[in-house]
Amino acid sequence: MNLTLEGIQKKEDWGNANIALPPYSIKEIRKNTKEKPIWIHFGVGNIFRIFIGGIVDTLLSKKEMCSGIICAETFDFDIIDKIYKPYDNLVLSVTLKIDGSTDKKVLGSLSESYKLGPDFTKEWHCMKKIFINPSLQIISLTITEKGYLLKGSDSCYLPSIQADINNGPQKSSSAIAIVCALLHERYKANQTPIAVVSMDNCSHNGEKLQTSIVTIAKEWSKRGFVDKSFISYLSNERQVSFPWSMIDKITPRPSDSVYKDLKKSGIENMKPIITSKKTYIAPFVNAEAPQYLVLEDKFPNGRPPLEKAGIYLTDKETVTKVERMKVTTCLNPLHTALAVYGCLLGYTLIADEMKDLELNRLIYEIGPLEGMPVVTNPGILSPSAFVEEIIHIRFPNPFIPDTPQRIATDTSQKVGIRYGETIKAYVERYGNAQKLTAIPLAIAGWCRYLIGIDDDGNSFELSPNPLLPKLTQSLKGIEIGNQNSYSRQLKNILSDPNIFGINLYEAGIGEKIEKMFLEEISGVGAVRKTLKKYLNT
């Protein structure tokens, strides 16, 4: 069997392999999409394909939509050339359940795919035609949080962004500049309303997206590329809205076991590839079953009935509360603790860590015990039910090939929101955060992780982190097994409000973290011993 429009005509074979096929006419959907486009998405990786593509597939199957989604890539063009085009834009969705079973289906909702950049003139003209069509309602993005970054640590525009500013709309190369340029085409053509939706997993994503696009537009206006009325168009939410969102679905890299299972079923050409941009991707996408998308309901040109695909439509304040609940209490702080301690204790799978008595206890105390008293309750989702699902269903799923090493990436950019917000809430409520034990233990573990030596005394590679040189320099001279080598090297890290959002000494837990850290560097096995001590296991 082949994952192509021709290949899926062998319906009996796919049925025998327990793989569901689209109940709608893909040919008809693609014709409708070309005539009356509704939705364009930028950033065509795994979470988009299985989650956003799955949303549209659900609505098509229910006859609640009659056109598909248009896919645009501005960075990793190998994905289009090697994963989209050879498979006629079809996706094989594989849902990994905790009991080891899978749900497999072919998604036919991705109707068209484009590479966008200065070298793709033909594609640009096609996309321009789509953008000026009044039927278009939604532009969405999953380009990662870094995709919205315009300036470096020196407060100067990044070289690629500066080039986009200097070259103007017609020669844009970054995702933000390309979207801004295409919005300018819509403005010139008809000024029809549109919603531009960030679906990236970052705080205040709608605000970040709007700020980046308007900044580019203002720079172009200074250089005479666009008129000032275009900025007014972008700034009027009745014309161009930037709804906030919260997205949550664990979508790890393609699993070798899934690939082997598909091959055994008779499906050809499913082997994962690594693109020139280092993206690990396959014609199939494997992910967990639970998924959440909470959207600010602000679509000035209308929208499909997204709620019929399980999407939560609400207001900005509620989106913020859901995001805060997830990021500061119920999921992300637990993930970070598992990441750093997993690396220290030799784990390579998050699910395996959940069988570890100390680590299981650690995340229970971080979330349900310490985080829950100050959790932000969004109303539309239960914080206690959400965290219980995390601890008992999502993290323990042995068929989700997610690693602590991946989760440990960019931790210095995350600890401020993941732990700092709860610490600040304790300070506000109790005057200090001295009631906390598990969260200080997680922070001590992160500092111990930064030394790059595991609990058996073996060195390991630290995951990428923009502050890594500065952090490791701060810890210089510390030796495992020699507590005398510690001379308050943590002080600069723990007192830095740019990292934690608060000075941890002023919060009353700086010394506690130092004490835990000192115990964790006392020798081989000290990390495990320290966990046992503070968790009473």
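Just so you know, these numbers use all the heavy atoms, side chains as well, and skip hydrogens, waters and symmetry mates.
Under a 3.5 Å cut-off, the side chain of Ser245 and the backbone N or O of Ser198 do form a donor-acceptor pair. With Lys271 contributing its side chain and Ala282 its backbone, the two residues share no donor-acceptor pair below 3.5 Å. Proximity of a side-chain donor or acceptor of Asp410 to a complementary backbone N or O of Gln413 within less than 3.5 Å is not detected. One N or O on the side chain of Ser463 and one on the backbone of Gln405 form a donor-acceptor pair closer than 3.5 Å. A side-chain donor-acceptor contact under 3.5 Å links Asp455 to the backbone of Ala526. Side-chain N or O atoms of Asp200 include one that pairs as donor or acceptor with a backbone N or O of Thr144 at under 3.5 Å. Between the Asp164 side chain and the Ser174 main chain, a donor and an acceptor come within less than 3.5 Å of each other. Judged by distance alone, with hydrogens and angles left aside, the side-chain atoms of Ser241 form a donor-acceptor pair with the main-chain N or O of Lys298 at under 3.5 Å. One N or O on the side chain of Gln489 and one on the backbone of Ser485 form a donor-acceptor pair closer than 3.5 Å. A donor-acceptor pair under 3.5 Å is formed between the side chain of Thr142 and the backbone N or O of Gly43.
Checked for salt-bridge contact, Asp402 and Arg406 meet the test: a charged N lies under 4.0 Å from a carboxylate O. Salt-bridge formation is detected for the pair Lys424/Glu421: a Lys NZ or Arg NE/NH1/NH2 atom is positioned less than 4.0 Å from an Asp or Glu carboxylate oxygen. Look at Asp76 and Lys278 and you find no salt bridge, because none of the NZ, NE, NH1 or NH2 atoms lies under 4.0 Å from a carboxylate O. Between Asp356 and Arg528 a salt bridge is recorded (basic side-chain N to carboxylate O distance below 4.0 Å). Salt bridge annotation for Asp496-Lys491: absent, with no cationic side-chain nitrogen under 4.0 angstrom from a carboxylate oxygen. A salt bridge is absent between Arg49 and Asp57: the closest approach of a Lys/Arg side-chain nitrogen to an acidic carboxylate oxygen does not fall below 4.0 angstrom. The residues Glu511 and Lys515 are annotated as not salt-bridged, no charged nitrogen and carboxylate oxygen being separated by less than 4.0 angstrom.
Between the CD1 atom in Ile391 and the CG atom in Leu331 there is a gap of 10.0 Å [rounded to 0.5 Å]. Separating the CG atom in Leu306 from the CG atom in Leu293 is a distance of 8.0 Å, to the nearest 0.5 Å. Of the inter-residue distances, the one linking Ser474 atom OG with Asn492 atom CG reads 5.5 Å to the nearest 0.5 angstrom. Rounding to the nearest 0.5 angstrom, the gap separating the CE atom in Met325 from the CE atom in Met372 is 8.5 Å. Atom OG1 of residue Thr211 and atom CD1 of residue Ile176 lie 10.0 Å apart, to the nearest 0.5 angstrom.
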Checking Glu307 against Tyr312 for the side-chain hydrogen bond (donor to acceptor under 3.5 Å, both in side chains) test, could you report, in this order, the C-alpha distance in whole Å, the side-chain angles of both residues, the deciding distance, and whether it holds?
CA-CA 6 Å; Glu307 63 278 5; Tyr312 295 86; over 6 Å; no
Where do Arg418 and Thr336 land on the side-chain hydrogen bond (donor to acceptor under 3.5 Å, both in side chains) test, with the steps shown first?
CA-CA 8 Å; Arg418 297 185 178 187; Thr336 293; 2.7 Å; yes
Please lay out, stage by stage, how Glu519 and Tyr534 fare under the test side-chain hydrogen bond (donor to acceptor under 3.5 Å, both in side chains).
CA-CA 11 Å; Glu519 292 175 43; Tyr534 287 98; 2.6 Å; yes
Show your working on side-chain contact (heavy atoms from CB on, under 4.5 Å) between Ile417 and Thr328 and close with a plain yes or no.
CA-CA 6 Å; Ile417 184 77; Thr328 69; 4.1 Å; yes
Please walk me through it: do Ile499 and Leu471 pass side-chain contact (heavy atoms from CB on, under 4.5 Å)?
CA-CA 11 Å; Ile499 296 178; Leu471 293 167; 4.1 Å; yes
Please determine whether side-chain hydrogen bond (donor to acceptor under 3.5 Å, both in side chains) holds for the pair Lys277 and Thr275, giving the CA-CA distance in whole Å, both sets of side-chain angles, and the decisive distance to 0.1 Å.
CA-CA 5 Å; Lys277 300 290 187 180; Thr275 69; over 6 Å; no
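A cation-pi arrangement is absent between Lys208 and Tyr148, since the terminal nitrogen or guanidinium carbon is not both under 6.0 Å from the aromatic centre and inside a 45° cone about the axis. In this structure, Arg448 fails the cation-pi test against Phe517, since its NZ or CZ atom is not both closer than 6.0 Å to the six-membered ring centre and inside 45 degrees of the ring normal. For the pair Lys326 and Phe386, the cation-pi test (distance below 6.0 Å, angle within 45°) is failed. In this structure, Lys435 forms no cation-pi arrangement with Tyr426, as its terminal cationic atom is not both closer than 6.0 Å to the ring centre and no more than 45° off the ring axis.
For the pair Lys529/Lys533, no side-chain contact is recorded, criterion being any heavy-atom separation below 4.5 Å from C-beta on. Glu288 is not listed as a side-chain neighbour of Phe399, based on a closest heavy-atom distance of 4.5 Å or more. Within the 4.5 Å cutoff, the side chain of Val415 has heavy atoms near those of the Phe500 side chain. At least one side-chain heavy atom of Ile213 sits less than 4.5 Å from a side-chain heavy atom of Leu209.
Taking the six-membered ring wherever Trp is involved, the centroid distance between the rings of Tyr449 and Tyr341 does not fall below 6.0 Å.
Thr537 and Glu358 share a side-chain donor-acceptor pair at under 3.5 Å.
Tested against Glu296 for a side chain to side chain contact (heavy atoms under 4.5 Å, CB included), the candidates Val319, Thr320, Thr314 yield a single pass: Val319.
The aromatic rings of Phe395 and His335 lie parallel to each other, their planes meeting at an angle below 30°, with 60° marking the opposite boundary.
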